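What follows is one structure encoded as structure tokens, with my remarks underneath.
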Amino acid sequence: MEETAKLRGNYRNIGPDYAVEQRWAGYTPEDHALYRRLYERQSALLPHLACAEFNTALAGLDAAKGIPRFDLVSQRLRRATGWEIVPVPGLVPDEVFFEHLAHKRFPVTVWLRKPEEFDYVVEPDVFHDFFGHVPLLFDPAYADHMCEYGKGGLKALRLGGLKYLARLYWYTIEFGLIKTEDGVRAYGAGLLSSGGELGFSVQSPKPARRPFELMTVMASDYHIDSYQDQYFVIEGFGQLLEETAPDFTPLYARLQQQDKAAA
Ligand code: PHE
Ligand code: CO
């Protein structure tokens, strides 16, 4: 990711791992109020649209009043699953991102969107990263999966498999749906933090909702600037763990072959 310099966020004081101080005291009352409005809109949608694991974890988080202090959440997260939050200025290079995940550190962007970006923000901000990603890190199965994903990312970089692994991340961690007793629900952070796409993904007749199948997912392109036209539905986090456990080396080779043949 060579364009790091053009990214939104202040990269002047980063450490070698891109970590910065959260500088919680620097958030304004307006920032906290905007976060609270985002939180209130999303949490009203959750009972019927989010998976139970997420709802349970969020309820235990006490993160409704304003932008949370990462250090306090990390203390509890460490006790629950061994994870912690790393404050970052914004997007970080792939290798840095995967290194963090592999060490059970989840990078969370420190800046909050502007009020005029209430409905849509191009790059992930603190609301997306925190509200969307952090709650499920309290779930042991999900938390383990994220750590494995980080190790898998470092491996994908060595094997030229990043494009395929990024699709998997997109269709699971960001935009994944899950089957539950109460019907299909969202577990992907991109959905859970979105005012519009959360309901769209679960309830609209428009998009396709296909059963999760690893190779299909890794062969499926996605778009970043509109709602998805397809979502993949897992049977449970167990399925995600099982299907992603095998060595991806031969899978990347096959996908690269397919791409070459199609070119
Ligand atoms: N099993 C994958 C590999 O060998 C790594 C991985 C684990 C990827 C979990 C995604 C999620 O490359
Ligand atoms: Co995200």
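Computed from a predicted model, the values in this text were never measured in an experiment. For ligands, and for the atoms within them, numbers begin at 1 and follow the listed sequence.
- Contacts between P246 and ligand 1, counted as non-hydrogen atom pairs separated by less than 4.0 Å, involve the backbone only.
- Ring geometry for F237 against Y142 counts as perpendicular: the plane angle is over 60°, on a 0 to 90° scale with 30° as the lower cut.
- Atom 4 (O) of ligand 1 has K155 NZ, 2.5 Å as its closest protein atom, hydrogens excluded (heavy atom only).
- Two residues are said to be in side-chain contact when any heavy atoms from C-beta on lie closer than 4.5 Å; R41 and D119 meet this criterion.
- Close contacts between ligand 1 and G152 involve ligand atoms 5 (C) [criterion: under 4.0 Å to a heavy atom].
- At under 3.5 Å, not a single nitrogen or oxygen of L168, backbone or side chain, sits near a nitrogen or oxygen of ligand 1.
- For atom 10 (C) of ligand 1, the closest non-hydrogen atom of the protein is Y149 CD1, 3.4 Å.
- For a distance bound of 2.8 Å, the N, O or S atoms of E174 include one lying that close to the Co ion (ligand 2).
- Between F54 and Y187, the distance from one ring center to the other does not fall under 6.0 angstrom.
- Here E148 has heavy atoms under 4.0 Å from ligand 1 in both its backbone and its side chain.
- The Co ion (ligand 2) is the vertex of the angle joining NE2 of H128 and NE2 of H133, which measures 100° to the nearest 10°.
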Practice problem: Go through K155 and D247 one step at a time and tell me if the salt bridge (charged side-chain N to carboxylate O under 4.0 Å, His left out) criterion holds. | Solution: CA-CA 10 Å; K155 182 166 146 188; D247 182 5; 2.7 Å; yes

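- Within the 4.0 Å heavy-atom cutoff, L165 counts among the residues contacting ligand 1.
- The proximity of T249 to ligand 1, defined as any non-hydrogen pair under 4.0 Å, does not occur for either the backbone or the side chain.
- Under the 4.0 Å criterion applied to side-chain N and carboxylate O atoms, R37 and E40 are not assigned as salt-bridge partners.
- The residue from Y252, Y169, F248 that alone fulfils the side chain to side chain contact (heavy atoms under 4.5 Å, CB included) condition with Y164 is Y252.
- Remark: ligand 1 and T244 share an N or O pair separated by less than 3.5 Å (distance only, no angle test).
- Between the side chains of E174 and H133, at least one donor N or O sits under 3.5 Å from an acceptor N or O.
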